[in-house]
Amino acid sequence: MPSVRVASASIATLLKACKTQFRLEQIHAQIIHKGLEQDHFLITQFICLSNALSSLPYSTAVFRRVNNPSSHLWNSLLKGHCERSSFSATVSLFIRMKREDGAADEYTYPSVVKACAGEGRVREGRAVHGSAVRCGVDGNVFVGTSLVDLYGKCREVVCARKVFDGMCERNVVSWTAMVVGYAGVGDMVGASKVFGEMPERNAVSWNVVISGFVRLGDLGNARRVFEEMPGKDVVSFTTMIDGYAKSGDMASARFLFEQAPVKDIVMWSALISGYAQNGFPNQAVKIFLEMSSRNVEPDEFIMVSLMSACSQVGCLELAEWVDSYLSNSSIDIRQPHVLAALIDMNAKCGNMERATSLFENMPKRDLISYCSMIQGLSIHGRGNQAVALFNRMLSEGLAPDEVAFTVILTACSRSELVEEGRHFFELMRHKYSMVPTPDHYACMVDLLSRSGWLEEAYELLQSMPVEPHAGAWGALLGACKLHCNVEFGELVANRLFVLEPKSAGSYVLLSDIYAAFHRWLDVSVVRNKMQERGLKKIPGISSI
DNA sequence: CTAGGGTTAG
């Protein structure tokens, strides 16, 4: 049938040039029209392309129509599942393959093993390993390497090493997978040793070692390896930049960013999120604008960082601009972390209407978004609504965590809701059996003392099982001034002089309290003490 | 007869 062969070859040519799903479907129609649905060679090529361009159901539908599919066909469908679908779908396809007499070969296992590795399913992985041994393909480099990767990713370094040592042939990828295994469990001694023994290295091998040190927070060793590395690529730079950003060293992060010859979206993202998370929201926004001016399209990660920066600044105009920018982009705002950031930004910047409508339209409201909303209400002085929302959260059966209690106690404190604050503090300790942190105590002290319960606040501070931070004492001293209480004022100020000998604030507050009672002699004593210790009032935030 | 597989950064 020479005409069929010609048709098959010409469709293969069409497939090589095919770049869109629409075109793929046209070619599919031709395959059916010409009666080539059983052509294994052609269908294999078709499925590979369909995996990349189209959807798995489409690949599967085409596959189903083939009688007695060849190993090549099974393998290409398995690869599609392992890249685009879940662990269970891949493994059940593998099981179906074995049941339907598909002959598994050395091309079958890497996909199945990778599916196991991707979701940390080491038990199933071991079974697949056994199956590979029974098929006699465990000596293959690709199979062996995927197994080293599997055990390494599942933190079973001893097993990974056993497979690695048993391999009769290894290449740079096999060696790198072994380094990944050691680095993954934080064993950088082991990782460095294997790295040192590698007969050849590529950029990936170097980057694995660098990121291993970075993950341990060992920026010194990471930087040393980075400097030694020949041909640093965009990943090497990004790994270092992200490491510095996460350790709070934005100066080094920025320096390497400027040094990098190529900047991709992940690198921009690392810098922007670094600035946002280390409390430099204005810098984050500035870098974002610089990125935009170079025509780099932001992705969801960058937008989340930008929204976090915006929340910190609390600027409504900026928030509105970001919100509409996001809504006009192709980014799906229904993604949980994007939506959470969007609600948080709108709530903190004062657009409670927008925040509320996003919040109420969520399919299921979670703790994070509740906290954003409560904090938004709190910032804008709507304490009673914050309390009501917190109660609604409890009635929905969500269990508050430490952060949630900090948020609600702060809300109570801002709106001077003493009874509610006491209630939540008790709830936290007794119903949820949580140990309050110094932050929680600080909120309570602030709430009680500002509402005039100076003695109770003082007793709470004294009764704390952990050391309070100076902020709590400072809040109490501020309240002593507010309520003109000399007795507690002296007590608290003397504690603060010990806790924070270098801070002028407490001296100033105490002298203000004396001044309110016209005790000018005491005023001058405090001022002199302050001068003796070389402290100056900072102009601008002085005695007002 | 032709073809298919493994490692790194937010």
Side-chain angles (χ1 to χ4, degrees), chain A residues 5 8-9 12-13 15-16 39-49 51 69-80 82-83 104-115 117-118 132 137 140-150 152-153 160 163-164 167 169-181 183-184 191 194-195 198 201-212 214-215 222 226 229 232-243 245-246 253 260 264-274 276-277 298-305 337:
Chain A
R5 200 130 79 210
S8 171
T13 313
L15 279 171
K16 281 201 179 72
D39 186 324
H40 287 194
F41 173 60
L42 204 55
I43 299 297
T44 301
Q45 287 206 321
F46 185 89
I47 285 179
C48 286
L49 209 68
N51 284 340
S70 66
S71 295
H72 283 125
L73 258 169
W74 279 108
N75 292 341
S76 58
L77 192 64
L78 268 172
K79 180 169 176 274
C82 131
E83 279 167 358
D105 61 15
E106 67 269 35
Y107 287 88
T108 310
Y109 288 94
S111 295
V112 187
V113 173
K114 191 181 176 186
V137 296
N140 177 275
V141 212
F142 289 89
V143 176
T145 303
S146 68
L147 287 166
V148 172
D149 178 54
L150 164 79
K153 288 228 174 84
V163 175
F164 180 79
M167 290 171 77
E169 185 194 340
R170 303 180 194 105
N171 59 28
V172 63
V173 184
S174 330
W175 282 88
T176 305
M178 195 60 239
V179 179
V180 169
V194 175
F195 181 72
M198 285 179 77
R201 299 160 179 164
N202 61 20
V204 179
S205 339
W206 283 92
N207 289 335
V208 167
V209 176
I210 294 171
S211 75
V214 163
R215 248 181 310 214
F226 175 81
M229 176 179 176
K232 304 174 196 22
D233 63 2
V234 66
V235 178
S236 333
F237 276 97
T238 305
T239 306
M240 285 305 304
I241 290 169
D242 193 52
K246 291 226 166 74
D264 71 357
I265 192 154
V266 184
M267 197 183 283
W268 284 101
S269 179
L271 192 69
I272 293 171
S273 97
Q277 298 200 343
D299 63 6
E300 58 185 293
F301 294 95
I302 292 188
M303 293 311 289
V304 168
S305 296
H337 60 297

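The analysis underlying the following values was restricted to heavy atoms, covering all of them including side chains, and did not include hydrogens, waters or symmetry mates.
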- Message: Reading DNA chain B from 5' to 3', where do the contacts with chain A start and stop? Cut-off is 4.0 Å to heavy atoms.
- Response: B:dT2 to B:dG10
- With sequence neighbours left out, what residues match A:Asn140 under side chain to side chain donor-acceptor pair (under 3.5 Å)? none
- Please name all residues satisfying ring pair (Phe, Tyr, Trp, His ring centres under 6.0 Å) with A:Phe301, sequence neighbours left out, ordered by chain then number. none
- Query: Between A:Trp206 and A:Phe195, does the ring centroid distance fall short of 6.0 Å?
  - Reply: yes
- Query: How would you label the contact of A:Asp264 with the nucleic acid (heavy atoms, under 4.0 Å): base, sugar-phosphate, or nothing?
  - Reply: base
- All ring pair (Phe, Tyr, Trp, His ring centres under 6.0 Å) counterparts of A:Phe142, not counting sequence neighbours: none
- Query: Reckon A:Thr239 touches a base, only the sugar-phosphate, or nothing at all at heavy-atom distances under 4.0 Å?
  - Reply: sugar-phosphate
- Message: Regarding A:Asp233, tell me which of base, sugar-phosphate or nothing describes its non-hydrogen contacts under 4.0 Å with the strands shown.
- Response: nothing
- Message: Taking salt bridge (Lys or Arg N to Asp or Glu O under 4.0 Å) as the definition, give me every residue that meets it alongside A:Lys114, ordered by chain and number, with sequence neighbours left out.
- Response: none
- Task: With sequence neighbours excluded, tell me which residues meet ring pair (Phe, Tyr, Trp, His ring centres under 6.0 Å) with A:Tyr107.
- Result: none
- Message: Categorize A:Thr44 for me: base, sugar-phosphate, or nothing, with a 4.0 angstrom heavy-atom threshold over every strand shown.
- Response: base
- Message: Considering every strand and a 4.0 Å limit on heavy-atom distances, what is the contact class for A:Lys16: base, sugar-phosphate, or nothing?
- Response: nothing
- Message: Mind checking if A:Thr108 touches a base, just sugar-phosphate, or nothing, with heavy atoms under 4.0 Å?
- Response: nothing
